[in-house]
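To start, the structure itself, in structure tokens.
Values reported hereafter were calculated over all heavy atoms of this structure, with side chains retained and with hydrogens, waters and symmetry mates removed. Lettering of chains follows the sequences in order, A, B, ..., and the numbering in each one begins at 1.
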Amino acid sequence: MNNLKKREIYLLFSHSILTIQIIVYLLTNLLQLQQLSDKHSHEIKKRSGFIMEEGLCPSSVFSSGSVDKSRIIEVKPLRSLAPLIPKSAQGSASGFSPFLPIGEPRETQAPPVPNAAPIRSFKNPTVEDETLNRAANGHIPSPPQHIPSAPHHIPNPTPLRSYKSPLVDEETPYGANSDTSSSVDGGLNGHGNSHDQKRAALQSQSRKSSQKKIRKIQEQSDNDGGRESVNSVLMTFDSIRRRLCQLEDANQLDTQNAIKRADLRANNAMTFKGIRTNSRKRVGVAPGVEIGDIFFFRIELCLVGLHGQSMSGIDYVNIKCEDKDLPVALSIVSSGVYDDDAEDNDILIYSGQGEHFNKKDKHIVDQKLQRGNLALDRSSQQHNEIRVIRGLRDVGNKSVKIYVYDGLYKIQDSWTEKGQSGGGIFKYKFVRLPGQPSAFANWKMVQKWKAGLLSRSGLILADLSTGVESIPVSLINDVDNEKGPAFFTYLCSLRHSKPYGLMQPSHGCSCSKACTPGCPNCSCIQRNGGDFPYIANGILVSRKQMIYECGPMCQCLPNCKNRVSQSGLKLHMEVFRTKDRGWGLRSLDPIRAGTFICEYAGEVIDRANVSQNGNEEGIDEYVFDTSRIFEPFKWNYEPNILEEVSSKCSSEDYDIPSPLIISARNVGNVARFMNHSCAPNVFWQPVLYEENNQSFLHIAFFALRHISPLTELTYDYGIARSGHAEGSSTPKGRNKCLCGSSKCRGSFC
DNA sequence: GAAGTCTCAAGTTT
DNA sequence: CAAACTTGAGACTT
């Protein structure tokens with residue numbers, strides 16, 4: 001208390017104009033504080049006994065033997081004692097709607113413009129535009145909110161069990177869960193029956209009111225974002241990131257005074273341009289993010305508004321409710337730092353945050369009921385929906401961490417335990433809301449299939465490629481009685497009858513080892529405009545008019561990284577029976593945007609032979625024709641976003657001197673099973689390399705975005721020029737399109 | 001008291 | 001594995 005007084009006195013003197021009234025007022029407060037903290041330290045001592053019984057670490061802040069941190073918390077400057085000061089009549093004039101989460105700029109209360117961020121992002125913004133954009137997107141720093149509340153100055157470093165019942169009345173009228181609290185301290189507090197009833201009625205009323213506010217936030221926030229925005233933001237992010245990696249690989253990136261990590265640097269560029277979606281914090285669904293969506297960086301979760309914290313596992317907001325702050329948890333990431341139990345698919349036992357070993361003081365630090373932990377606790381009483389993202393490592397590629405959005409959960413139970421390092425931790429039982437499509441459960445299932453622990457139902461053939469591919473391609477039908485596709489010969493590349501068109505034959509590069517990015521002497525890299533087309537893990541950086549790979553004619557070693565499309569399948573593919581579109585193709589592995597999927601294998605034919613090659617009606621449904629009309633789309637990074645690095649950006653219009661027509665009717669690979677979609681997740685790219693002193697063109701397929709396991713792979717078939725009716729503004733195909741996307745053209749051919 | 005700056009907790013990625 | 005890194009909340013300052 002001495003410290004406090006000294007601080008008080010110091011403060012008093014440091015402020016030159018103080019009325020006697022204020023002094024009297026402060027002294028009154030001081031007295032109140034004294035009483036309050038005495039009462040509270042008594043509370044803490046009482047509780048610490050309880051905690052010791054529960055077996056928490058003796059070095060815990062609750063322990064009677066260690067430094068009494070409650071004293072430290074008492075030593076707070078006056079301004080943090082606000083709740084003790086009677087509220088003014090204008091007390092609620094904080095500038096925010098009581099229904100809005102704290103930290104949201106006021107202008108965002110206006111009806112949100114759908115797709116606002118991504119569309120704006122693709123023009124070349126002027127300075128004025130940018131200011132507007134940033135303001136509209138909420139990137140002007142939010143007005144800070146200093147709404148002191150009881151839970152913050154009354155220390156709350158207490159485990160769940162100990163605080164719940166006794167403190168509910170004093171601290172949080174919202175949280176009183178009569179079902180659970182009554183059994184704990186039923187008759188101990190000595191209140192009369194009528195008092196209890198009144199109190200219960202008040203608490204129930206209060207709880208309803210706060211739940212109403214949470215619902216209101218939910219309703220208010222549900223009409224922005226959207227699938228297209230989410231896809232656009234993620235694609236923009238990854239295209240920038242890939243480009244940065246490419247420059248870094250070639251040592252062309254200035255990392256002297258800049259961040260080295262490409263994900264963070266890409267995020268900075270995005271933030272600077274105001275490109276993100278769902279930037280308003282919300283309870284429940286994040287519009288446009290679908291259950292089962294996968295992410296490869298924590299930053300990606302932030303960019304689409306799924307989880308606002310770049311590191312922390314718990315995201316929450318403080319909702320102003322009856323002049324108090326009610327922290328409400330919005331989303332969690334279960335990433336395995338703590339020993340979360342993720343055995344059951346619909347139940348997640350999640351550990352709170354904050355337990356660690358303090359290396360300096362050499363003691364274990366318990367988790368405290370504050371920040372995220374407090375929010376989870378309040379949410380367990382409010383029963384609000386919480387988004388759950390499960391972090392996992394794929395069995396095939398343990399070095400990559402993947403985050404899977406697993407939908408909405410509610411907290412059903414909470415308790416305290418001893419953590420791995422021996423500190424006290426909070427545990428929360430998350431239960432998945434019923435009726436949601438499975439996501440994490442699918443992963444579990446697929447991993448069991450891969451490990452051979454679970455037999456596949458509907459497995460017709462273990463390897464459709466009959467050993468041609470290095471990874472088996474399974475044939476699955478769990479839909480109908482069809483026993484398999486019509487006969488064809490599996491071939492993993494292209495059967496050329498003649499060399500490709502007008503290209504000048506070259507003899508490949510003369511690198512002695514594997515070609516490396518930034519190598520000035522490699523003729524293949526020079527043909528690619530000086531850029532290595534792929535980054536280290538074989539991911540395509542950007543679409544190009546043409547990609548020149550090293551081939552059999554090159555002097556470089558076969559493990560050269562510029563031969564991505566020649567190495568056959570790298571993913572565990574599956575030909576499967578779709579419900580309404582015949583056979584389709586999907587992968588059991590998660591796929592990153594830009595990953596090579598497969599080549600379009602088959603026989604190169606002349607246009608004259610197309611109908612000859614077809615069925616009775618002269619139609620060859622397995623034709624790939626580069627001269628079709630393809631819907632243009634943007635996949636590469638925006639050069640203006642990366643202007644500080646490079647303005648170079650290649651055209652995405654393919655430059656194919658003479659059309660290439662491939663038929664996979666008689667011979668082909670998995671690509672022949674890929675169906676059409678007007679909103680595809682795969683695109684094709686022309687690739688050229690030399691064999692036998694001659695150039696040959698190939699068609700390589702790459703992932704357009706991240707694709708989760710078991711998702712059907714589709715690309716845009718384009719429209720045959722012959723199918724484009726004369727005088728008709730909208731080309732019509734002969735097949736009804738069943739892709740079901742909002743951009744569906746209705747037909748394809 | 002509003003509006004700003006500073007600090008810290010949170011863990012990810014290479 | 002340790003260094004480098006971001007975001008947002010809350011503390012603190014003007």
For the residue pair A/Y428 and A/F426, does the interplanar ring angle fall in the parallel (under 30°), tilted (30 to 60°) or perpendicular (over 60°) class? tilted

If you find the nucleotide of DNA chain B closest to A/F297 and the one closest to A/S312, which residue's nucleotide is nearer the 5' end? A/S312

Is any side-chain N or O of A/S335 closer than 4.0 Å to OP1 or OP2 of B/dT12? yes

Partners passing salt bridge (charged side-chain N to carboxylate O under 4.0 Å, His left out) against A/R242 (at least two apart in sequence or in another chain): A/D238

Quick note, A/L264 side chain, CB onward, closest among C/dC5, C/dG10, C/dG8 is C/dC5

If you look at every strand shown and take non-hydrogen atoms under 4.0 Å, does A/G308 touch a base, only sugar-phosphate, or nothing? sugar-phosphate

Side-chain atoms of A/N267 come closest, of C/dA9, B/dT12, C/dT6, to C/dT6

Can you tell me if A/K401 uses its side chain to pair, donor with acceptor, with the backbone of A/S335 under 3.5 Å? yes

For B/dT12, take OP1 and OP2 only and decide whether either is under 4.0 Å from a side-chain N or O of A/R298. yes

Which one, B/dT12, C/dT7, C/dG10, comes nearest to the side chain of A/N318? C/dG10

Nearest to the side chain of A/R371 - C/dT6, C/dA9, B/dT13? C/dA9

Among B/dT12, C/dT6, C/dA9, which nucleotide has an atom closest to any side-chain atom of A/Y403? B/dT12

From C-beta outward on A/K260, which listed nucleotide comes closest to its side chain: C/dA9, C/dT6, C/dC5? C/dC5

Look at the side-chain N and O atoms of A/Y316 and state whether any lies under 4.0 Å from the OP1 or OP2 oxygen of B/dA10. no

Applying side chain to side chain contact (heavy atoms under 4.5 Å, CB included), can you list everything that pairs with A/D263, at least two apart in sequence or on another chain? A/F237, A/R241, A/R261, A/F297

In whole angstrom, give the distance that lies between atom CZ of A/R265 and atom C1' of C/dT7. 19 Å

Pick base, sugar-phosphate or nothing for A/D315, based on heavy-atom distances below 4.0 Å to the nucleic acid. nothing

